[in-house]
Amino acid sequence: MRGERMSLYAQVIVDVPTMQTNKPYTYLVPSELEEQIQAGMRCVVPFGKGSRKIQGFVLDVSNQKPDEDFEIKKIISLMDFVPVLNEEALQLADWMANYTFSFKISCLQTMLPNVMRAGYEKSIRLLDENVEPEIKKLFDQNNLLAFDDKMDAKIRRKIYGLRKKDKVEIVYHVNDRARVKETEFIKSKITAENISAFLNAQRKTATKKKRMLEKLLDLGNDSVERIKFQKQNSFTSNDVKQAENSGWLSLVSKETYRNPSENATTESSSPRKLTAEQNVCVTRINQAIEQEESDVFLLQGVTGSGKTEVYLQTIAHALKLSKKALMLVPEISLTPQMVRRVKGRFGPKVAMLHSALSDGERFDEWRRIERGEAQVVVGARSAVFAPLDRIGIIIMDEEHETSYKQDEMPRYNAREVAIWRGKHHHCPVVLGSATPSLESRARGQKSVYQRLLLTKRINGRPMPHVELVDMREALKSAPSPDFSAELLTKIKEHLKRDEQVVLMLNRRGYSSFVMCRECGFVLKCPNCDISLTLHMDTHSMKCHYCGHEESIPRICPSCRSNKIRYYGTGTQKVEEQLHELLPNARVLRMDVDTTRRKGAHERLLERFGRHEADILLGTQMIAKGLDFPDVTLVGVLNADTALGLPDFRSSEKTFQLLTQVSGRAGRADKNGEVVIQTFNKEHYAIQFACTQEYERFYAYEMQLRHRLGYPPYYFTIKITASYDNEADACRKMYEIRRELSQVLSKSAKILGPTPKAIMRVNNRYYYQIVIEYKKEPRLEEYLQDLLVRSQTDEPKGLKLIIDRDPISFM
DNA sequence: AGCACGCCGACT
DNA sequence: GTCGGCGTGCTC
């Protein structure tokens with residue numbers, strides 16, 4: 001057949017900010033792009049009546065003309081030369097969108113580094129210059145004006161008026177912020193032959209130029225970074241520019257990676273000798289790597305039992321089989337210590353993805369991985385999407401950590417994504433923890449996961465001795481409201497021996513709230529249903545939900561009395577008490593307030609590690625992953641704060657936290673001691689944490705969960721609706737409840753609608769429903785539909801959240 | 001977001 | 001009868 005040219009059609013997921021579907025749109029591939037276009041590329045397409053330019057992802061390319069009859073528009077351009085997402089990523093996005101009830105477009109975006117996500121820019125072009133001079137002067141010489149949300153409302157209204165009269169048009173731009181870093185290099189043109197000619201042409205006093213010629217001669221054939229060359233020889237950039245003009249050198253730009261760990265010291269570390277228990281684990285996992293089995297292992301090992309060494313040696317095994325490895329750790333444990341240990345073992349093969357990286361650095365690490373230049377990827381939650389091929393093993397440390405679940409769309413849990421990828425790559429997934437989540441432990445029970453145990457600490461040290469202090473008793477004779485006599489004595493003892501102490505407090509701020517003793521008035525946030533927290537460092541009252549800040553009242557705003565008092569406890573207040581009780585002790589305070597700035601967290605820990613302080617006082621963040629040999633005493637000031645919360649996981653969280661923080665005591669050659677102060681001495685979570693009996697806690701908690709119909713016995717989905725007024729939020733949820741009762745079988749439970757524990761946050765009102773079920777074939781379809789439908793109410797102020805396997809019911 | 005379609009009230 | 005209000009729905 002002659003001249004029978006087949007047209008190419010692309011299935012594209014479009015990124016329209018206000019309207020999202022999981023349905024791909026069909027676009028015609030213009031002939032000049034037919035050669036280049038591939039699934040996984042980003043493109044710019046016209047959309048809607050105004051054919052404004054938006055970003056899209058190409059899912060598929062084929063000759064198949066769609067059956068239905070609609071206008072088919074042409075792809076405008078491709079944003080990539082090679083696909084940014086491979087076949088695996090596209091499949092994963094499919095699964096994720098369905099599983100997490102989110103839009104495919106947000107799943108695709110989530111897999112890419114920030115800089116590759118589309119930014120839309122609007123600008124206005126003046127078409128008719130015959131307008132008010134006041135308006136005309138806003139436009140630049142190209143008759144363009146940037147159009148963003150910062151624009152003055154009055155001007156905005158005028159612009160809209162002009163647009164109606166066709167005097168201006170709105171131009172859309174799809175931006176790709178991904179930039180490859182270019183570095184300038186110097187290539188010398190000076191040789192032993194030509195240098196004398198140049199030298200002779202200079203005046204006698206031109207010492208700098210002569211020096212330049214000599215340095216350039218020294219370079220020979222090597223090229224050198226311009227910045228380095230200038231710095232080392234104290235030339236200015238102008239000197240180099242002049243030399244270039246004289247034809248002494250040429251400047252070449254080369255693509256380089258931003259190197260975030262350039263100045264990090266890494267000493268190489270070699271594999272450590274394994275204990276018998278570790279050896280069993282490593283052997284089993286290595287076998288699975290070799291046989292390409294997608295088993296999930298639950299590596300349950302007490303603190304200090306050497307889980308990390310098991311990870312490192314199994315990774316090494318995967319590398320030996322020329323496979324790659326993915327290792328996930330909670331953000332908080334991505335400390336320099338940890339980075340050093342992994343980099344020390346695998347050197348330049350490692351790519352790190354953590355939140356301290358700038359967008360550019362993250363993009364560069366991503367490209368290194370994508371090009372196959374890194375074989376080991378270590379990172380927090382989103383690193384689970386690292387574009388690795390040939391994965392031989394996936395490791396998730398501290399698998400019970402709730403930070404693996406993203407708390408915005410798409411609400412994925414990195415653990416589930418890791419297991420999905422394990423299946424896709426036919427490789428084992430290792431979930432490690434001292435205190436596994438009940439879900440994972442239960443799957444281990446049913447042999448869905450293979451359990452691996454590390455019951456002994458590596459150097460044979462006993463577990464730290466844990467003492468419970470009943471604060472109801474202790475307060476009668478306590479030296480201060482937050483310190484029992486027992487704890488204070490212990491602190492003094494350990495400090496006397498020049499050892500370090502870690503104190504954990506379950507709350508931040510100075511004192512949790514301010515109350516009037518005369519009338520009982522409590523100062524509350526004007527935007528949220530929560531009392532304000534006192535912060536002594538800034539001398540203000542802050543809301544921990546919306547950030548509202550106001551000054552500390554001297555007289556009660558309600559009854560005008562001056563009997564206003566502080567109640568509760570916070571890290572700042574405890575710090576002051578410590579200074580009074582132990583004036584000579586050096587205290588480091590670590591909480592959200594002192595670690596807000598980038599790297600502050602690491603710097604504080606390093607200072608403590610160098611023994612620049614005796615006591616580290618902090619909130620929960622100090623429970624994770626820090627490992628200091630001189631810490632021999634851990635004190636928990638208030639073990640119970642989480643227990644009072646109306647949440648089915650509060651016992652589990654409390655147990656995990658106490659076990660973890662206890663593990664911080666006495667890791668090296670010194671015995672550790674732990675003192676836990678509590679008002680609920682008899683509570684099982686506290687009792688079992690005290691004796692470090694995970695298995696007994698697990699058994700007890702499972703009974704409770706079974707009786708109450710909670711996970712892991714039931715699946716749960718939480719639906720939350722919020723509006724700027726309570727009535728609408730409430731009404732929407734009753735409507736959803738009505739629909740749900742049509743869809744669900746008798747065996748499913750619908751809890752609610754109820755207002756959230758903190759119903760109003762930032763002047764939005766939240767209502768929620770929790771569904772508990774075993775098998776509901778129609779539920780998924782209903783929720784997908786609800787997700788799409790609810791968009792129509794978004795302009796009216798609705799925000800709807802569907803959260804599968806919610807972390808909490810609060 | 002932006003445009004068309006459509007159903008109700010006020011109007012030349 | 002007709003013009004135009006905006007509520008509703010759709011965008012390959």
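We name chains A, B, ... by the order of the sequence lines, and we start the count at 1 in each one.
- For the pair A/E780/A/R804, a side-chain contact is recorded, criterion being any heavy-atom separation below 4.5 Å from C-beta on.
- Cation-pi geometry between A/K756 and A/Y766 is satisfied (NZ or CZ under 6.0 Å from the ring centre, within 45° of the ring normal).
- Consecutive Watson-Crick or G-U pairing (both distances under 3.5 Å) extending over three or more pairs maps onto DNA chain C as B:1-11 with C:1-11.
- Between A/D80 and A/R42 there is a salt bridge, with a side-chain nitrogen of the basic residue lying less than 4.0 Å from a carboxylate oxygen of the acidic one.
- When the P atom of C/dC12 is taken as reference, atom CG of A/L28 falls 13 Å away, rounded to whole Å.
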Side-chain donor-acceptor contacts of residues 89-96 of chain A below 3.5 Å, not counting sequence neighbours, with atom names and distances?
from: A/D94; atom 1: OD1; to: A/K104; atom 2: NZ; distance (Å): 3.0

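- When the P atom of B/dA1 is taken as reference, atom CD1 of A/I54 falls 14 Å away, rounded to whole Å.
- In this entry the distance linking NZ of A/K23 with C1' of C/dG9 reads 12 Å, nearest Å.
- At whole-Å resolution of the value, NZ in A/K53 and C1' in C/dC12 are 18 Å apart.
- If you check every strand for non-hydrogen atoms under 4.0 Å, A/Y27 touches sugar and phosphate atoms only.
- Atom CG of A/D793 and atom P of C/dT8 are 10 Å apart (whole Å).
- With rounding to whole Å, A/D15 atom CG is found 14 Å from C/dT11 atom C1'.
- Separating the CD1 atom of A/I76 from the C1' atom of C/dC12 is a distance of 13 Å, rounded to the nearest angstrom.
- Remark: aromatic rings of A/Y773 and A/F715 are close, center separation under 6.0 Å.
- Between A/R52 atom CZ and C/dC10 atom C1' the separation is 13 Å, expressed in whole Å.
- For A/K49, no side-chain nitrogen or oxygen approaches OP1 or OP2 of B/dA4 to under 4.0 Å.
- Among pairs with a residue in residues 45-66 of chain A, none fulfils salt bridge (charged side-chain N to carboxylate O under 4.0 Å, His left out), at least two apart in sequence or across chains.
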